[in-house]
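Reminder, nothing fancy here: chain letters follow the sequence lines and each chain counts from 1.
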Amino acid sequence: GDLQLIISGYFFQL
Amino acid sequence: MLELRLIQGSLLKKVLEAIKDLVTEANFDCSATGFSLQAMDSSHVALVALLLRSEGFDHYRCDRNLSMGINLNNMSKMLRCAGPEDIITIKGDDGTDTVTFMFESQKQDKISDFEMKLMDIDSEHLGIPDAEYQAIVRMPSAEFARICKDLGSIGDTVVISVTKEGVKFFTRGDVGSANIVCRQNTSVDKPEDSTVIEMNEPVSLTFALRYMNSFTKATTLSEVVTISLSSELPVVVEYKIAEMGYIRFYLAPKIED
């Protein structure tokens with residue numbers, strides 16, 4: 001199956 | 001002191017219906033520029049960003065920046081008590097730990113006050129950089145909702161590909177597979193019925209359909225949906241909110257493991 005990535009990996013912590 | 005009066009209260013009702021199943025609780029941030037929210041779903045796969053600009057409100061008073069922790073399900077229960085034509089006013093104060101939703105009927109003959117306790121929600125805010133997208137599809141929101149619903153009955157994931165032929169939605173499941181191609185179509189009498197594809201380069205990404213079908217709950221907010229794709233970034237599914245803002249859903253892709 002496919003591996004679901006998570007969103008927080010794309011944006012930076014403010 | 002916070003007092004935001006929205007003549008078209010139905011917009012707020014629709015916003016809550018669109019996000020309450022994706023995010024259970026969130027902080028509403030009020031500042032001079034507007035009323036906003038940013039929250040991830042529990043599995044951190046999707047993020048919703050809402051903005052209602054202050055000038056879209058009939059009356060907007062926000063003395064100091066205020067963040068209100070709210071259980072979205074409870075807020076939705078209260079907003080469902082507002083009529084579709086009601087004027088909705090949100091009242092808060094930095095001293096109190098409650099928020100009040102006031103509903104005024106059009107004829108001003110019925111005024112309702114619903115008060116809710118606020119919660120302490122520690123949510124880290126994420127910085128979302130503006131990005132260049134490889135492809136941007138603008139299409140009727142009802143069409144997109146129909147495609148996600150139909151594909152959801154066949155498979156769990158959708159491969160969205162943009163090529164010069166158009167935008168393709170593909171899924172495969174136990175029952176078989178489905179492939180839907182939408183071509184650029186601007187020869188329609190109403191611009192909101194057109195499908196416009198801006199492709200800088202071909203792109204193809206895989207997403208979980210259950211999130212896409214959650215996003216399409218925002219279809220009632222706008223006749224048009226914009227889908228921005230880039231192989232390095234989450235997809236952005238955006239519904240504009242009648243000259244006052246937007247609701248944007250970001251979804252991380254799935255990759256072959």
Side-chain angles (χ1 to χ4, degrees), chain A, chain B residues 22-23 27 29 36 38-49 67 122-131 133 155-160 170-174 204-212 215 228-237 248-257:
Chain A
D2 300 327
L3 184 66
Q4 172 66 62
L5 300 176
I6 60 167
I7 199 85
S8 19
Y10 288 92
F11 301 135
F12 51 90
Q13 302 284 338
L14 281 183
Chain B
L22 186 69
V23 176
N27 284 315
D29 299 311
S36 62
Q38 185 199 89
M40 283 187 278
D41 75 299
S42 52
S43 55
H44 285 204
V45 166
L47 180 135
V48 59
S67 182
D122 57 344
S123 70
E124 75 277 2
H125 259 62
L126 294 175
I128 301 173
D130 280 335
Y133 286 94
D156 300 333
T157 63
V158 58
V159 180
I160 304 180
F170 172 80
T171 189
R172 179 189 304 286
D174 304 341
S204 179
L205 289 163
T206 304
F207 300 101
L209 273 165
R210 84 179 169 86
Y211 286 99
M212 288 293 185
F215 301 164
S228 304
L229 294 146
S230 202
S231 45
E232 312 305 318
L233 290 171
V235 63
V236 192
V237 178
R248 285 181 187 146
F249 297 99
Y250 297 80
L251 177 60
K254 300 181 78 150
I255 55 170
E256 293 288 321
D257 64 354

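- Taken from CD in B/Q38 to CZ in A/F11, the straight-line distance is 8.0 Å, to the nearest 0.5 Å.
- Here CD of A/Q4 is found 6.0 Å from OH of B/Y211. Values are rounded to the nearest 0.5 Å.
- Checked against the 6.0 Å centroid criterion, the rings of A/Y10 and B/Y250 do not qualify as a close aromatic pair.
- The CD1 atom of A/I6 lies 12.0 Å from the CG atom of B/L47; values are rounded to the nearest 0.5 Å.
- Checked by atom type and distance alone, the side chain of A/Q13 never pairs as donor or acceptor with a backbone atom of B/G127 at under 3.5 Å.
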Evaluation steps, side chain to side chain contact (heavy atoms under 4.5 Å, CB included), between A/L5 and B/K254: CA-CA 6 Å; A/L5 300 176; B/K254 300 181 78 150; over 6 Å; no
Using the rule given for side chain to side chain contact (heavy atoms under 4.5 Å, CB included), can you reason through A/I7 versus B/M40, listing the C-alpha separation, both sets of side-chain angles and the distance that settles it, and then say yes or no? CA-CA 8 Å; A/I7 199 85; B/M40 283 187 278; 3.4 Å; yes
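- Within the model, atoms CG of A/D2 and CD of B/E256 stand 5.0 Å from one another, a figure rounded to the nearest 0.5 Å.
- Looking at B/S43, only its backbone comes within 4.5 Å of chain A, counting heavy atoms on both sides.
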